[in-house]
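Hydrogens, waters and symmetry mates play no part in the numbers below; they use all other heavy atoms, side chains included. Remember, it's 1-based here, ligands and their atoms both numbered in the order they're listed. Only a predicted model underlies this, so the values are computations on that prediction, with no experimental measurement involved.
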Amino acid sequence: MAKKRWSYVDIPILEGKVSLITGANSGLGLQATHFLSDKGAEIVMAVRNVEKGEKAATDILRRSPSARLSVIQANLADLQSIQRLSRQFLEQYKRLDGLINNAGIMANPYQLTKDGFEMQFGTNHLGHFALTGLLMPVIRNTPGARVVTMSSSYHEGGTIDFANLDGRNGYDGMKVYKQSKLANLLFAIELQRRFVKNGLDALSIGAYPGYSRTSLHLKGPEMEGSSLRLMLSKLLYVLFAQSAEMGVLPMLYAAVSPDVKGGDYIGPSSFSGMRGYPTLAQASKLARDKQLSRRLWEVSEQLTQIRYL
Ligand SMILES: NC(=O)c1ccc[n+]([C@@H]2O[C@H](COP(=O)([O-])OP(=O)(O)OC[C@H]3O[C@@H](n4cnc5c(N)ncnc54)[C@H](OP(=O)(O)O)[C@@H]3O)[C@@H](O)[C@H]2O)c1
């Protein structure tokens, strides 16, 4: 870490660079779109709802009229939709400097994706696994390309239940969220191993935003239940959650800082990683387990039918 309080002002000028951000219409994805486009990058906003995406783009353009944004529809819970997005991207763009695997859902009621995957594992992990794999041709052709995958401190409590990945033998929303966030980090670290093994000039980095004020929490299970529990959750949220402007910094540091190394995991520096400026964080022992990441990779290839390197 070269600088203790790395922030928006430290993002370099990004003229000529292209980033694709999933979930770019709200929360951290929207904030990242705003900050990176402010610095001159062209941003492809991958959103599942085009109306929301266009509205988000219009809001940014009102504040930053020179921003270069395009909105592409993509549902990470649908492999065909991911294929359409990557086809469109590969047709239109010759470079991809930053792929930001950001979109996510947390602890929703049990549901399956279009392809029959459990919804959280399918959206948070398999969707991004497929997208990154399909975009490999342009990642390979962009010197210094970076893939940033959003995990969470919840990855620490996660395990990968290979026998019940589709949740048909029992479903606990929060347990499965932790599983999906562990999968995100296993993927980020394993992708870096594969970049090195195949001699690619690209970096894969994991990041997490601490406790950040976005709609993820407002839609999550912590805002349900008895009135006392709800009051406590709201109080914690108001007192401790940091703004999206702060929460997005680890992701952006991972995406553009020259001090980052492939396989790093970046998160906030204070309050046990809940708030603060970006710093190098500790991935759990399980997240660094080579055997586990290889097994997850193979299973992810089988499920998505996407082969990488
Ligand atoms: N906020 C935190 O404190 C926190 C903490 C740890 C990790 N994270 C991680 O940070 C990332 C961003 O979350 P956030 O806090 O910014 O939450 P958010 O405001 O709820 O944003 C999530 C984004 O993901 C999109 N999305 C959800 N399902 C999708 C799908 N099937 N296909 C395409 N897009 C989909 C949402 O689109 P719609 O608007 O259409 O729903 C939205 O744009 C997530 O990976 C999350 O796990 C957040």
Side-chain angles (χ1 to χ4, degrees), residues 20-34 44-57 71-82 84-85 100-108 111-115 117-128 130-131 148-158 173-174 176-185 187-188 206-220 222-223 233 236-237 240-252 254 265-268 271 273-276 281:
L20 187 156
I21 304 178
T22 64
N25 62 287
S26 86
L28 304 171
L30 176 61
Q31 194 59 55
T33 303
H34 193 188
V44 176
M45 302 171 70
V47 298
R48 72 171 152 181
N49 179 319
V50 173
E51 252 175 67
K52 282 193 197 173
E54 298 286 4
K55 186 185 170 309
V71 176
I72 304 188
Q73 199 275 338
N75 180 1
L76 286 163
D78 176 357
L79 288 173
Q80 268 190 11
S81 173
I82 297 168
R84 274 196 301 276
L85 161 66
I100 314 247
N101 289 328
N102 161 75
I105 47 171
M106 181 169 77
N108 56 299
Q111 220 183 325
L112 295 177
T113 68
K114 283 216 168 157
D115 307 285
F117 310 140
E118 182 285 316
M119 186 59 78
Q120 293 192 77
F121 189 71
T123 305
N124 298 357
H125 170 61
L126 291 175
H128 286 121
L131 178 63
V148 178
T149 302
M150 290 303 276
S151 180
S152 162
S153 51
Y154 277 126
H155 88 272
E156 286 166 33
M174 208 53 214
V176 170
Y177 179 68
K178 290 177 187 175
Q179 170 173 264
S180 75
K181 290 288 126 182
L182 172 61
N184 282 146
L185 195 49
F187 165 69
Y208 80 100
Y211 187 21
S212 297
R213 221 169 288 135
T214 68
S215 58
L216 190 82
H217 294 288
L218 299 177
K219 290 182 283 196
E222 68 219 71
M223 296 299 169
S233 297
L236 276 177
Y237 182 72
F240 288 110
Q242 61 180 354
S243 64
E245 286 90 333
M246 280 300 293
V248 78
L249 292 178
M251 176 212 289
L252 297 183
Y265 178 46
I266 308 293
F271 289 90
M274 278 212 296
R275 306 169 57 92

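- Protein residues lining ligand 1, listed by chain and number: Gly23, Asn25, Ser26, Gly27, Leu28, Arg48, Lys52, Ala74, Asn75, Leu76, Ala77, Asn102, Ala103, Gly104, Ile105, Thr123, Met150, Ser151, Ser152, Tyr177, Lys181, Pro209, Gly210, Tyr211, Ser212, Thr214, Ser215, Leu216, His217, Lys219 [non-hydrogen atoms, distance under 4.0 Å].
- Screening Leu76, Leu126, Asn75, Thr22 for a side chain to side chain contact (heavy atoms under 4.5 Å, CB included) involving Ile82 leaves a single residue, Leu76.
- Considering every non-hydrogen atom in both Asn124 and Ser180, the closest pair reads ND2-OG, 3.0 Å.
- Contact record, Met119 with Ile105: CG-CD1, 3.5 Å, taken as the closest heavy-atom pair.
- Residues Ala24 and Thr33 approach most closely at CB-OG1, 3.5 Å, considering heavy atoms.
- For Asp115 (side chain) and Leu79 (main-chain N/O), a donor-acceptor pair under 3.5 Å exists by modelled atom type.
- Shortest non-hydrogen contact noted between Ala57 and Met45 is CB-SD, 3.9 Å.
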